[in-house]
Amino acid sequence: MVPLYFESATSLALKIRRGEITSEELTLLFIQRIEQFDASINAVVVRCFEEAIMRAKELDGVFAKDGSTIGPLHGVPITVKENNDVKGLATMVGDPTKKDAPVAYSNSPLVQRLLDAGAVILGKTNLPIGCNDVQTYNTVYGTTSNPYDLSRTPGGSSGGSAAALCAGLTALELGGDIGGSIRVPAACCGIFGHKSTLSAIPFSYGPTRSHDIVVKGPLSRSSEDLELAMKLLAHIEGPAKRALTIKLPCNEKKKHLKDFRVAIWYDDAVCPVDSDILTALKKLVINLNVLGCTHVVEGAKPFDEKYGWKGGSAKAFRIYKCLLATEENLTMTPEEAQALLDTITTNTTYEKRKQIEWITQSAQSWHRANIERQNMRMAYERFFEEFDVLVCPICVSVAWPKDESGSGSHEWEEQKRSQKQRDECDVVQHFWQVGNRSIPGADGHKTPYHDQVFWSGVTNICGNPSTVFPAGRAAKSKTNMPVGLQVVGSEWNDLTTIAFFKALEKEGGYSFVPPKGY
């Protein structure tokens, strides 16, 4: 029997509607678990327990009157990533220079939608500074550990989100993804995560800039929760809602594994994966055949001349990094950009020089890269005329040992910081500036730290949805850590990637397995 704290949010909501448990009882249960286990994990770093208990009591009162509920998450305790505004709580994004930031005066649109659906907010979960790393640590809240092995990372940047779900500290999570920030932690912690189609889930109220590459999305312990969350969160904000609505398409003919046309992308020379990942993929293919999924094509990928794309996955990765550099540095002033550009001759590595070029590129340069991206989108569209889903790696290995070596202040921000700020802020890491780390894998496999974002980047650059699911345990490295894989679909077919895994969960037994000791 599954303990309450490891049940899905959907199941817990049903128990509340049936009168089998109250929201207050569930809220107190999750608070007790956070207090019992989170000292070693450090996932739920901003807490609002008193407010959560008051909210739970109010929702129980509503239900007690006539059995009514305010939404599908009525009474269910959840957490959200720290970069989401929750009224009355500060949003620091792990940055020590924001320690005096005022509390949020309102909820972000997505937090409000979750509350309107009946959720109870327990608090906010940890992230790396600026959401910019594939691990989770900062000098404000500290380091988050993986519940399967506290010496290993839970991934990043939604590492606190994934770790909290994995340890049974929350029922549902709201994360974000630009370079795998939902999907990498989901894989590292053996849970589910969904990177939504670009623009399916808005960030803010009113007229605003359309974000590029970065999206919001849910993390959970079951596929049914991903589906529920996507139906709640996908909507239109701002002036466009005068004319537009979003209803994610749901193909009723895609319910069983035998209904899906599946492409399998095992590996790539640009970013080879280790034997733990390859073994899990090969085992999945065997299981799909046994389970009646006969349309499985191995070795297929969208970056092929067959689909009108020239330059392969290496070119796709370059375009991703080029456009990502702009999106991640929008607040840089012209003076800062020039100061960074002046350092280009002193940077000895090709990768660092290219990174500086991309960060400081002209509008014309960005648009040229964007035109290439549109060509890539067409290749993806042609590919998904032939297939329903693409299954491929999301990480180069299972969760690796925590490594905070080489962290330092942003090289291009050091000049503008006062000495006092520098003294208070001795570890301000930026993903592209952390030095020469590598990610160890099975059989002596090593991956340059920055290459990890290949699998999350080339599957995200065109806005496609992607669902990560637990695909067993490490078979070669004998670490017993969970292996995660991703299912990519065509734009706006979020429910198709989720439906594929729902079928795999039901027919193949692929599911979340709690870590021992929790």
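Inter-residue side-chain proximity for Val391 and Leu281 is flagged as met; some heavy-atom pair is nearer than 4.5 Å. Within the 4.5 Å cutoff, side-chain heavy atoms of Pro515 are placed close to those of Pro147. A 4.5 Å side-chain heavy-atom check between Gln135 and Pro128 finds every atom pair outside the cut-off. Put simply, the side chain of Ser223 does not reach to within 4.5 Å of the side chain of Phe469, judged on heavy atoms. Taking 4.5 Å as the limit, some side-chain heavy atom of Ile78 sits within range of a side-chain heavy atom of Ile121. Proximity of Val44 to Tyr141: side-chain heavy atoms (C-beta onward) are nowhere separated by under 4.5 Å. Put simply, the side chain of Thr497 reaches to within 4.5 Å of the side chain of His194, judged on heavy atoms. Between Glu58 and Val62, the closest side-chain pair of non-hydrogen atoms is not below 4.5 Å.
Asn126 and Thr144 share a donor-acceptor pair across their side chains, judged by distance under 3.5 Å alone. Looking only at atom types and distance, the side chain of Ser397 has no donor-acceptor partner in the side chain of Asp274 under 3.5 Å away. Checked by atom type, the side-chain pair Ser456/Lys195 shows no donor-acceptor distance below 3.5 Å. A side-chain donor-acceptor contact under 3.5 Å links Glu173 and Thr79. Defined by atom type and a distance below 3.5 Å, a donor-acceptor pair is present between the side-chain atoms of Ser157 and Lys81. Between the side chains of Gln374 and Arg377, at least one donor N or O lies within less than 3.5 Å of an accepting N or O. Using a 3.5 Å distance cut-off with no hydrogens or angles, the side chains of Glu381 and Tyr307 do not pair a donor with an acceptor. The closest side-chain donor-acceptor pair between Thr479 and Arg152, if any, does not fall under 3.5 angstrom. A donor-acceptor contact closer than 3.5 angstrom is absent between the side chains of Thr10 and Ser8. A donor atom on one side chain and an acceptor atom on the other are not found under 3.5 Å apart for Thr459 and Ser466. Inspection of the Ser313 and Asp268 side chains reveals an N or O donor paired with an N or O acceptor under 3.5 Å.
Taking the six-membered ring where the residue is Trp, Phe501 and Tyr510 present perpendicular rings, their angle passing 60° and hence far from 30°. Taking the six-membered ring for Trp and thresholds of 30 and 60 degrees, Phe512 and Phe6 have ring planes inclined between 30 and 60 degrees apart. Between Phe203 and His211, the two ring planes are parallel [angle under 30°; tilted spans 30° to 60°].
In this structure, Leu248 CG and Ser196 OG are separated by 9.0 Å, a value rounded to the nearest 0.5 Å. With rounding to the nearest 0.5 angstrom, the CG atom of Leu257 is 11.5 Å from the NZ atom of Lys254. One distance of note links CH2 of Trp309 with CG of Asn375; it measures 6.5 Å at 0.5 Å rounding. Rounding to the nearest 0.5 angstrom, the gap separating the CD1 atom in Ile277 from the CG atom in Leu485 is 6.5 Å. Atoms OG1 and CG, on Thr143 and Asn138 in that order, are 8.0 Å from each other to the nearest 0.5 Å. One distance of note links CG of Asp116 with CG of Leu110; it measures 11.5 Å at 0.5 Å rounding.
Looking only at distances, a side-chain donor or acceptor of Arg33 sits under 3.5 Å from a matching main-chain atom of Gly168. Distance alone, capped at 3.5 Å, is enough to place a donor-acceptor pair between the Asp60 side chain and the Glu24 backbone. Under the 3.5 Å distance criterion, the side-chain polar atoms of Gln452 are matched with a main-chain donor or acceptor of Ile394. In terms of modelled atom types and a separation under 3.5 Å, the side chain of Asn83 and the main chain of Val93 share no donor-acceptor contact. The backbone N or O of Lys255 sits less than 3.5 Å from a side-chain atom of Asp259, completing a donor-acceptor pair. Of the possible donor and acceptor atoms, none in the side chain of Asn493 sits under 3.5 Å from a partner among the backbone N and O of Pro465. Under a 3.5 Å cut-off, the side chain of Asn464 and the backbone N or O of Gly489 do form a donor-acceptor pair. In this structure a side-chain-to-backbone donor-acceptor pair under 3.5 Å is missing from Asp494 to Met230. Checking side-chain atoms of Asn460 against main-chain N and O of Gly179 turns up no donor-acceptor pair under 3.5 Å. Formation of a donor-acceptor pair under 3.5 Å by the His74 side chain with backbone atoms of Pro72 is not found in this model.
In this structure, Arg221 does not pair ionically with Glu7, as no charged nitrogen and carboxylate oxygen lie closer than 4.0 Å. Using a cut-off of 4.0 Å between Lys/Arg side-chain N and Asp/Glu carboxylate O, Lys306 and Glu386 are scored as salt-bridged. Salt-bridge annotation for Glu227 and Lys231: present, with a side-chain N of the basic residue lying under 4.0 Å from a carboxylate O of the acidic one. The pair Lys253-Asp388 fails the salt-bridge criterion, with no side-chain N (NZ, NE, NH1 or NH2) lying under 4.0 Å from an Asp/Glu carboxylate O.
Of all heavy-atom pairs between Thr125 and Ser161, the closest is OG1-OG, 3.2 Å. When all heavy atoms of Cys392 and Val488 are compared, the pair lying nearest together is SG-CG2, 4.3 Å. Nearest approach of Cys271 to Val396, heavy atoms of both residues: SG-CG1, 3.3 Å. Heavy-atom minimum distance, Ala90 versus Glu82: O-OE2, 3.8 Å. Of all heavy-atom pairs spanning Ala280 and Ala471, the tightest one is CB-O, 4.0 Å. Between Leu73 and Ala9 the shortest heavy-atom distance is CD2-CB, 4.3 Å.
Separation of the Phe37 and Tyr518 ring centroids falls under the 6.0 Å cut-off. Centroid-to-centroid, the aromatic rings of Phe260 and His295 stay 6.0 Å apart or farther. Close placement of the Phe303 and Tyr380 rings is indicated, their centers lying within 6.0 Å of each other.
Remark: Lys321 qualifies as a cation-pi partner of Phe317 under the 6.0 Å distance and 45° angle criteria applied to the six-membered ring.
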So Thr294 and Asn289, side-chain contact (heavy atoms from CB on, under 4.5 Å) or not? Walk me through it.
-> CA-CA 6 Å; Thr294 56; Asn289 287 320; 5.7 Å; no
Output, in order, the C-alpha distance, side-chain angles, deciding distance and verdict of salt bridge (charged side-chain N to carboxylate O under 4.0 Å, His left out) for Asp38 and Arg47.
-> CA-CA 12 Å; Asp38 202 36; Arg47 302 173 182 181; 3.0 Å; yes
Kindly determine whether Lys124 and Asp85 satisfy salt bridge (charged side-chain N to carboxylate O under 4.0 Å, His left out), including the steps that lead there.
-> CA-CA 9 Å; Lys124 303 204 289 183; Asp85 282 345; 5.1 Å; no
Between Arg473 and Val483, is a side-chain contact (heavy atoms from CB on, under 4.5 Å) present by the stated rule, with each step listed?
-> CA-CA 5 Å; Arg473 299 296 184 90; Val483 176; 5.9 Å; no
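Annotation for Lys502: atom NZ does not count as buried by contact number, only 12 or fewer foreign heavy atoms lying within 6.0 Å.
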